[in-house]
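To keep things clear, I will list the structure first and then write my remarks on it.
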2 protein chains.
Amino acid sequence: MTLSEEKIIYDERIMKLAVFSKALSHPARIKILQYMEKNSCCYVGDIVKFIPLAQSTISQHIKELKTSGLINSFQESQKTKYCINWSNWQYAKALFNNIFR
Amino acid sequence: MTLSEEKIIYDERIMKLAVFSKALSHPARIKILQYMEKNSCCYVGDIVKFIPLAQSTISQHIKELKTSGLINSFQESQKTKYCINWSNWQYAKALFNNIFR
DNA sequence: TACATTTATCGTAATTTTGCGATTAAAACA
DNA sequence: TGTTTTAATCGCAAAATTACGATAAATGTA
């Protein structure tokens, strides 16, 4: 990044795979996803009870999962419900299947 | 890590999945793996020609892939040959398949 | 023997990640 | 209305990641 000052361009699918992989690269985030898969959705409080990390830390991990596109959120008055984003989930599945072909 | 000073213990499969995901969480490393998959193996120099990053940076990425267990290395006099570690590759495939079930 | 090739490693800087406690904001409830 | 519940965000510190150039070590070649 010194000589050219240009960022390398990677193709779209590689970037998506990197983003999904990064989402999965922390064990707490894997546990959160597993919980959501099993229970279809969750609230932040469920995960706080499930994983021994501070509420703010759990919130941050969930935010990252959301940024990756693997989950989305629905406002339910005072609570926020988080669920797997199944279309991106399928996309991720396809990308991982493709590389581990 | 302040109150308890104890690290959370995650189960073995979750940790492995996190490690494999981290390996895949950088686009350059994905490209390296794709190159190796196609060409069965590679030398550092091949990747330096393939991806516009400094040789030291490529070396670092390859080292990380090796640490993750997804690749291994064989010394060939002055060159080092890197190849996919197929048994761990299969293991990774199974873990990703399992979570994206 | 001198030089070239190949890769690893060191030192460094910039950025990102991880984790926490404290605080805030909004809705629900008594 | 005051209190509780739920979750987001801020500020901060420690650690890890990413990238580079410089250098070193080992082998091959002229």
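To find a chain, count down the sequence lines: A is the first, B the second, and so on, and within it residues start at 1.
Protein atom CD1 of B:I32 is 13 Å distant from nucleotide atom C1' of D:dT18, rounded to whole Å. Between the P atom of D:dG11 and the CD atom of A:Q60 lies a distance of 14 Å, rounded to the nearest Å. A:K66 has its NZ atom 14 Å from the C1' atom of D:dT9, to the nearest Å. Distance CD (B:E76) to P (C:dA8): 13 Å, rounded to an integer number of Å. What separates CD1 of B:I62 from C1' of C:dA8 is a distance of 11 Å, to the nearest Å. Atom CD1 in B:I47 sits about 16 Å away from atom C1' in C:dA8, given to the nearest Å.
B:E64 comes within 4.0 angstrom of the backbone, heavy atoms only, and of no base. Residue contacts for A:S77: at a heavy-atom cut-off of 4.0 Å it reaches the sugar-phosphate backbone alone, with no base atom in range.
You'll find that the side chain of B:H26 is closest to D:dT18, out of D:dT18, D:dT27, C:dA22. When distances run from any side-chain atom of B:K79 to the nucleotides C:dG19, C:dT7, D:dA7, the shortest one goes to C:dT7. Counting only heavy atoms from C-beta on, A:Y82 has its side chain closest to D:dA7 among D:dA7, D:dT27, C:dC20. Out of C:dG19, D:dA8, D:dT6, the shortest distance to the side chain of A:V44 is found at D:dA8. With D:dA19, C:dT7, C:dT18 as the choices, the nucleotide that has an atom nearest any side-chain atom of B:Y43 turns out to be C:dT7. Comparing C:dC20, D:dA8, C:dT18 by their closest approach to the side chain of A:S56 singles out C:dC20.
Under 4.0 angstrom from either OP1 or OP2 of C:dG19 there lies at least one side-chain N or O belonging to A:H61. Between B:K63 and C:dT9 there is a side-chain N or O to OP1 or OP2 distance below 4.0 Å.
Between the side chain of B:Q55 and the base of C:dA8 there is at least one donor-acceptor pair of N/O atoms closer than 3.5 Å.
The nearest heavy atom of DNA chain C to A:K22 and to A:L53 marks one nucleotide each, and the one closer to the 5' end goes with A:K22. Nearest-nucleotide positions on DNA chain C place B:S59 closer to the 5' end than the other of B:S59 and A:P52.
Judged by distance alone, the side chains of A:K22 and A:S68 never bring a donor and an acceptor atom under 3.5 Å apart. For the residue pair B:K81/B:S73, the side-chain donor-acceptor check at 3.5 Å is not satisfied.
Less than 2.5 angstrom separates the SG atom of B:C83 from that of B:C41.
Ring centroid separation for the pair A:Y43 and A:Y82 does not come in under the 6.0 Å cut-off.
Geometric assessment of A:K31 against the ring of A:F50 yields a positive cation-pi assignment under the 6.0 Å and 45° thresholds.
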